[in-house]
Amino acid sequence: MNMDCLKQGGQKGVSSYLMMLLMALLSTMALPVKAGDVALEVSTKGQFAAPQTYQVDLTTRVASVVNAWRLKPEAYRLGIAMLRESEKREQSRMRWALEYQLKTMPIGPELKASLTEQVGRLVATGRVLKQFNWDLVEVKPKQKRLLKEGDTFIAPYRPTTVQISGAVKNHAVPFVGGKTVRQYVHQVIRLAGADPSVVWVITPDANMRQIGVSYWNAQKAYLAPGSVIYVPLQDQQAFNRAMVTLYAAQVLPY
């Protein structure tokens with residue numbers, strides 16, 4: 001863009017030109033790598049101002065990438081996920097074990113069909129199931145971990161639904177602010193074999209917790225957009241825990 005174009009475009013033209021320069025700068029940004037260091041490649045995808053691949057040295061930590069990125073206004077900060085190859089292998093093994101277990105599990109055909117469909121949709125993303133506070137990651141020792149080759153950060157859109165899964169017919173319902181977990185659950189038709197007293201809630205930041213929803217153990221809890229309510233099976237604790245873990249590993253659309 002030359003000066004004549006800038007004059008014709010006025011202030012708007014100048015702003016557009018500056019934005020183009022900024023985007024070009026961001027797209028070529030690299031975190032420092034010292035001469036002779038072995039470089040790792042890590043990347044950002046989704047709702048970042050300039051999704052890109054960084055080259056970093058072996059001593060670079062998560063906070064360095066967090067400090068370098070810039071999010072778009074539509075990015076859903078609560079749902080930002082960090083993916084790692086070693087986690088993907090473990091999640092693939094867990095998914096295979098669930099498929100095998102379902103073949104011999106003594107449950108009704110409708111429940112088995114629903115769970116088989118759900119497991120088939122779950123993806124071994126490699127998401128690190130650690131709650132990161134992206135604003136404080138630099139000062140929290142447990143979150144200030146070293147990066148590894150291929151680490152990827154994904155910033156999703158803010159969703160508008162809540163997923164209902166587990167011992168139900170898997171479906172999504174609109175997110176309603178101020179609506180409690182119990183109110184969501186009361187609209188759900190459980191399948192035979194479902195636990196009537198508790199559910200698991202998986203929030204977009206991969207937090208997993210049990211919530212009482214029966215009259216004798218009810219807990220007042222609220223959801224964030226993009227959360228999952230998992231209705232557990234009775235007397236299948238290991239299976240439920242694996243399902244909840246894989247649901248927590250899913251990545252929101254980006």
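The structure displayed is predicted, hence computed values, not measured ones.
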To the nearest 0.5 angstrom, please state how far the [atom1] atom of [X] sits from the [atom2] atom of [Y].
X: Y254; Y: I80; atom1: OH; atom2: CD1; value: 14.0 Å
X: L122; Y: M94; atom1: CG; atom2: CE; value: 11.0 Å
X: Q187; Y: I164; atom1: CD; atom2: CD1; value: 8.5 Å
X: L129; Y: M82; atom1: CG; atom2: CE; value: 11.5 Å
X: E87; Y: S92; atom1: CD; atom2: OG; value: 11.0 Å
X: L83; Y: T125; atom1: CG; atom2: OG1; value: 5.5 Å

Under 3.5 Å, which donor-acceptor pairs link side chains of residues 204-214 to any protein atom two or more places apart or in another chain?
| residue | atom | partner | partner atom | Å |
| --- | --- | --- | --- | --- |
| D205 | OD1 | T203 | OG1 | 2.5 |
| D205 | OD2 | Q131 | NE2 | 2.9 |
| S214 | OG | W216 | NE1 | 3.3 |

Exercise for review: Using a cut-off of 6.0 Å, state whether more than 12 heavy atoms not belonging to K112 lie near its atom NZ.
Suggested key: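 It does: K112 NZ has more than 12 such atoms within range.
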Practice item. Might you confirm whether atom NZ of K179 has over 12 heavy atoms from other residues, nucleotides or ligands at distances under 6.0 Å? Key: yes
Minimum heavy-atom distance between [X] and [Y], given as atom pair plus value:
X: L40; Y: L58; result: CD2-CD2, 3.5 Å
X: Y184; Y: V176; result: OH-N, 2.9 Å
X: V168; Y: Q118; result: O-NE2, 3.7 Å
X: Q250; Y: V123; result: NE2-O, 2.9 Å
X: L191; Y: L111; result: CD1-CA, 3.8 Å
X: Q163; Y: N170; result: NE2-OD1, 3.0 Å

Exercise for review: With sequence neighbours excluded, tell me which residues meet ring pair (Phe, Tyr, Trp, His ring centres under 6.0 Å) with Y215.
Suggested key: none
Revision key, fill the gap. Contacts of F48 meeting ring pair (Phe, Tyr, Trp, His ring centres under 6.0 Å) (sequence neighbours excluded), chain-then-number -> W69
[Y] reachable from [X] in the ILVMFWY side-chain graph, under 4.5 Å edges:
X: V42; Y: V62; value: yes
X: L71; Y: I154; value: no
X: V198; Y: V162; value: no
X: V66; Y: Y54; value: yes
X: Y247; Y: V201; value: no

Review point. By side chain to side chain donor-acceptor pair (under 3.5 Å), which residues pair with T161, not counting sequence neighbours?
Key: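 Per chain and number, T161 pairs via side chain to side chain donor-acceptor pair (under 3.5 Å) with no residue.
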Point to revise | With sequence neighbours excluded, residues passing side chain to side chain donor-acceptor pair (under 3.5 Å) with R190 | key: none
Check your understanding: Any Lys/Arg nitrogen of K148 or E85 sitting under 4.0 Å from an Asp/Glu carboxylate oxygen of the other?
Key ->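 The answer is no: the pair does not qualify as a salt bridge.
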Check your understanding: Do E99 and R95 meet the salt-bridge criterion of a basic N to acidic O distance under 4.0 Å?
Key ->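 Here R95 pairs with E99 in a salt bridge, since their nearest N and O are under 4.0 Å apart.
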Taking [X] for the side chain and [Y] for the main chain, is one N or O donor matched with an acceptor at less than 3.5 Å?
X: S114; Y: E110; answer: no
X: Q91; Y: G126; answer: yes
X: R127; Y: A124; answer: no
X: Q101; Y: F239; answer: no

Would you list the pairs meeting ring pair (Phe, Tyr, Trp, His ring centres under 6.0 Å) in which at least one residue belongs to [range], sequence neighbours left out?
range: residues 101-126; value: none
range: residues 190-211; value: none
range: residues 76-107; value: W96-Y100

Contacts under 3.5 angstrom, residues 222-238 side chains, donor-acceptor by atom type, not counting sequence neighbours:
| residue | atom | partner | partner atom | Å |
| --- | --- | --- | --- | --- |
| S227 | OG | A224 | N | 3.3 |
| S227 | OG | A224 | O | 2.7 |
| Y230 | OH | N240 | OD1 | 2.9 |

Exercise for review: For K169 and I189, run side chain to side chain contact (heavy atoms under 4.5 Å, CB included): C-alpha distance rounded to whole Å, both residues' side-chain angles, the deciding distance at 0.1 Å, then the answer.
Suggested key: CA-CA 8 Å; K169 290 185 177 180; I189 299 176; over 6 Å; no
**Study point:** salt bridge (charged side-chain N to carboxylate O under 4.0 Å, His left out) pairs, two or more places apart, involving residues 212-230
**Key:** none
Practice item. Apply side chain to side chain contact (heavy atoms under 4.5 Å, CB included) to the pair F153 and F132, showing each step before the final yes or no. Key: CA-CA 12 Å; F153 297 84; F132 288 96; over 6 Å; no
Practice item. Could you note down all residue pairs passing side chain to side chain donor-acceptor pair (under 3.5 Å) where residues 149-159 supplies at least one of them, sequence neighbours left out? Key: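 Counting only pairs at least two positions apart or across chains, the side chain to side chain donor-acceptor pair (under 3.5 Å) contacts touching residues 149-159 are S43-T152, Q47-Y157, R84-D151.
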**Study point:** Residues that A113 engages under side chain to side chain contact (heavy atoms under 4.5 Å, CB included), provided they are two or more places apart
**Key:**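 Expected list: none.
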Check your understanding: Can you tell me if D57 and T60 form a side-chain donor-acceptor pair at under 3.5 Å?
Key ->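 Judged by distance alone, the side chains do pair up.
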Check your understanding: Is any side-chain heavy atom of R145 closer than 4.5 Å to a side-chain heavy atom of K130?
Key -> yes
